[in-house]
Amino acid sequence: LSCWYPLTLAFTLLLSVIYVISGFATYTIGRSRETEELELAKYFRNLPLSMFTAFRCFTGECTNDLGYPMTSMLAQKFGLPFVACYIMSYMLVSMGIFNVIL
């Protein structure tokens with residue numbers, strides 16, 4: 001029974017970090033014309049969709065409906081700022097928070 005408290009805190013931390021990252025993604029990637037051109041706007045249209053997309057990307061399935069990798073498409077369009085933010089957030093979530101949970 002004592003294991004529930006740290007597990008609840010870890011999941012709360014994960015949800016909070018994904019919420020913040022998704023908020024930035026919704027306001028930057030979701031409102032960009034380049035995202036419309038890539039047909040990726042539907043993944044970042046609102047906060048819940050951005051949170052689901054971020055969770056998918058952090059757990060390894062970061063593809064669009066056709067199976068193309070979204071990270072590569074966004075990196076080609078937005079360049080180094082996207083790549084740097086994605087690497088930092090991926091390292092925080094997958095190597096930091098997931099390490100605490102697992």
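Just so it is clear, the structure is predicted and the values come from calculations on it, not from any experiment.
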Do the side chains of [Y] and [X] get nearer than 4.5 Å, heavy atoms only?
X   : Y   : result
T26 : R31 : no
D65 : Y43 : yes
L40 : M73 : yes
F24 : V20 : yes
F44 : T53 : yes
F78 : T35 : yes
K77 : L38 : yes
T71 : Y90 : no

Under 4.5 Å between side-chain heavy atoms, hopping through other hydrophobics if needed: is there a path connecting [X] to [Y]?
X   : Y   : value
Y68 : F82 : yes
W4  : F11 : yes
L7  : V93 : yes
I29 : F55 : yes
M88 : Y27 : no

Shortest non-hydrogen separation from [X] to [Y] and the atoms involved:
X   : Y   : value
M51 : S22 : CA-OG, 3.1 Å
L47 : G23 : CD1-N, 3.5 Å
I18 : A54 : CG2-CB, 4.3 Å
I97 : A10 : CG2-O, 4.1 Å

Query - CG on L92 to CG on L13, rounded to 0.5 Å - result: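 Between L13 CG and L92 CG, I get 7.5 Å after rounding to 0.5 Å.
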Report task. Look at the rings of F58 and Y86 and say which category their plane angle falls in: under 30° parallel, 30 to 60° tilted, over 60° perpendicular. Result ->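 Correct class here is parallel.
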Query raised in the report: Any Lys/Arg nitrogen of R56 or E61 sitting under 4.0 Å from an Asp/Glu carboxylate oxygen of the other?
Result: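 E61 and R56: salt-bridged.
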Requested in this report: Spell out, as yes or no, whether a donor-acceptor pair under 3.5 Å connects the side chain of S32 to the backbone of T28.
Outcome: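 Judged by distance alone, no pair lies under 3.5 Å.
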Query raised in the report: Considering residues, nucleotides and ligands other than E34, do more than 12 of their heavy atoms fall under 6.0 Å from its CD?
Result: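 It does: E34 CD has more than 12 such atoms within range.
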